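Keep in mind that the numbers below use all heavy atoms, side chains included, and drop hydrogens, waters and symmetry copies. Note that this is a predicted model, so its numbers are computed, not measured.
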Amino acid sequence: MVLRRLKKKKPPKVDEFEKFYNRTLRFLSYRPRSIKEITDFLKRKKVNPQTTTKILNKLKELNFVNDREFARWWIEQRQGSRPRGWRLIKMELKQKGISCELITNYQLPITNEKELAKKAIEKIIVKYRQLPREKAYQKLVQLLARRGFDWEVIKTVIDE
């Protein structure tokens with residue numbers, strides 16, 4: 001008895017652009033991304049620079065990538081569940097590759113930052129009620145400083 005090998009049909013080769021464009025779309029499906037994040041993603045996948053440029057151009061053309069919209073989305077997300085100060089948000093946006101001039105266009109008003117700081121300590125202040133006043137003050141200052149609030153905001157919120 002002779003066993004013949006069955007020839008497996010190989011799928012047609014997909015060119016590099018299509019392959020990495022689809023991967024990039026999958027990467028974008030989880031949350032919005034900045035141009036730098038997508039570029040870094042494609043570098044990690046070892047995509048050549050010409051293909052990266054073509055992918056970015058197509059994404060921009062289809063309005064899937066927009067740093068201005070990404071910055072707006074990022075700020076809204078950071079003000080939601082765990083409020084953060086403007087200083088920390090600016091640092092995060094710079095790490096995501098958003099330009100400094102674009103970041104300054106979205107400067108938060110100080111009154112809004114005070115409200116965010118109040119919101120940040122609302123739940124935690126209950127835990128610190130049984131602590132001595134100085135210790136509770138110190139812990140609240142540390143919490144707000146870690147979350148990127150300025151000293152003036154921290155002082156006024158805690159004093160209130």
Side-chain angles (χ1 to χ4, degrees), residues 8-127 139-158:
K8 293 182 182 178
K9 291 183 180 178
K10 293 183 180 177
K13 261 194 164 178
V14 179
D15 68 331
E16 186 182 41
F17 173 79
E18 283 295 318
K19 176 182 171 183
F20 288 110
Y21 179 71
N22 289 332
R23 284 188 181 182
T24 305
L25 288 177
R26 196 173 318 116
F27 181 63
L28 275 169
S29 69
Y30 301 113
R31 68 169 177 83
R33 308 282 179 172
S34 68
I35 293 171
K36 181 184 179 294
E37 285 180 301
I38 293 172
T39 306
D40 291 346
F41 170 77
L42 292 171
K43 278 182 187 174
R44 282 193 311 271
K45 299 294 179 188
K46 297 182 173 103
V47 179
N48 70 31
Q50 293 83 14
T51 306
T52 300
T53 306
K54 283 173 61 176
I55 290 171
L56 284 173
N57 288 338
K58 185 163 184 177
L59 291 172
K60 286 177 189 174
E61 180 182 308
L62 296 172
N63 205 20
F64 288 154
V65 175
N66 184 341
D67 276 351
R68 183 178 303 267
E69 292 300 318
F70 174 77
R72 182 177 296 129
W73 177 83
W74 190 263
I75 291 169
E76 287 172 5
Q77 293 300 310
R78 291 302 185 216
Q79 290 176 351
S81 59
R82 289 187 60 190
R84 291 166 174 82
W86 180 239
R87 188 178 46 170
L88 185 64
I89 292 173
K90 277 193 332 189
M91 185 181 71
E92 290 175 343
L93 287 172
K94 284 180 186 175
Q95 288 174 346
K96 300 291 180 189
I98 306 300
S99 67
C100 291
E101 62 188 43
L102 193 59
I103 292 172
T104 55
N105 290 340
Y106 290 109
Q107 187 107 17
L108 300 174
I110 293 174
T111 57
N112 193 8
E113 197 164 15
K114 287 179 184 174
E115 291 170 20
L116 287 173
K118 286 178 186 177
K119 186 178 174 185
I121 64 171
E122 263 178 7
K123 296 175 187 173
I124 295 173
I125 201 165
V126 176
K127 272 201 301 191
K139 287 191 176 280
L140 291 173
V141 167
Q142 290 171 351
L143 171 83
L144 293 175
R146 277 192 308 270
R147 295 230 184 139
F149 292 100
D150 291 327
W151 172 246
E152 295 84 26
V153 174
I154 293 172
K155 183 148 177 53
T156 56
V157 167
I158 292 177

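A distance of 12.0 Å separates CD1 in Ile35 from CG in Asp40, rounded to the nearest 0.5 Å. Atom CG in Leu144 sits 5.5 Å away from atom CD1 in Ile121 (nearest 0.5 Å). Atom CG of Leu56 and atom OH of Tyr21 lie 11.0 Å apart (nearest 0.5 Å). From Phe70, atom CZ reaches atom CD1 of Ile98 across 5.5 Å, with rounding to the nearest 0.5 Å. Annotation: the span from Thr51 atom OG1 to Phe20 atom CZ amounts to 8.0 Å, rounded to 0.5 Å. Within the model, atoms NZ of Lys54 and CD of Glu16 stand 9.0 Å from one another, a figure rounded to the nearest 0.5 Å.
Heavy atoms only, all atoms of each residue included: Gln95 and Lys36 are closest at O-NZ, 3.7 Å. Contact between Arg146 and Leu88 at its shortest, heavy atoms only, is O-CD2, 4.0 Å. The minimum heavy-atom distance linking Arg87 with Phe149 is given by the pair NH2-O, 3.1 Å.
Checking Asn63, Ile55, Leu62 one by one against Leu59, the side-chain contact (heavy atoms from CB on, under 4.5 Å) holds for a single residue, Ile55.
Residues Ile38 and Thr52 fail the side-chain proximity criterion, which asks for heavy atoms closer than 4.5 Å. Residues Val157 and Leu140 are not in side-chain contact: their nearest non-hydrogen atoms beyond the backbone lie 4.5 Å or more apart. Proximity of Asp15 to Glu18: side-chain heavy atoms (C-beta onward) are separated by under 4.5 Å at one or more points. For the pair Lys94/Cys100, a side-chain contact is recorded, criterion being any heavy-atom separation below 4.5 Å from C-beta on. Between Asp67 and Ser99, every side-chain heavy-atom pair lies at or beyond the 4.5 Å cut-off. Residues Arg147 and Leu143 form a side-chain contact, since some pair of their non-hydrogen atoms from C-beta on lies under 4.5 Å apart.
Looking at Arg72 and Glu69, a side-chain N of the basic residue comes within less than 4.0 Å of a carboxylate O on the acidic one, giving a salt bridge.
A search for salt bridge (charged side-chain N to carboxylate O under 4.0 Å, His left out) contacts involving Arg31 returns Glu37, not counting sequence neighbours.
For the pair Arg33 and Phe27, the cation-pi criterion (under 6.0 Å, within 45° of the ring axis) is fulfilled.
The main-chain N or O of Arg68 is found under 3.5 Å from a side-chain atom of Asn66 such that the two form a donor-acceptor pair.
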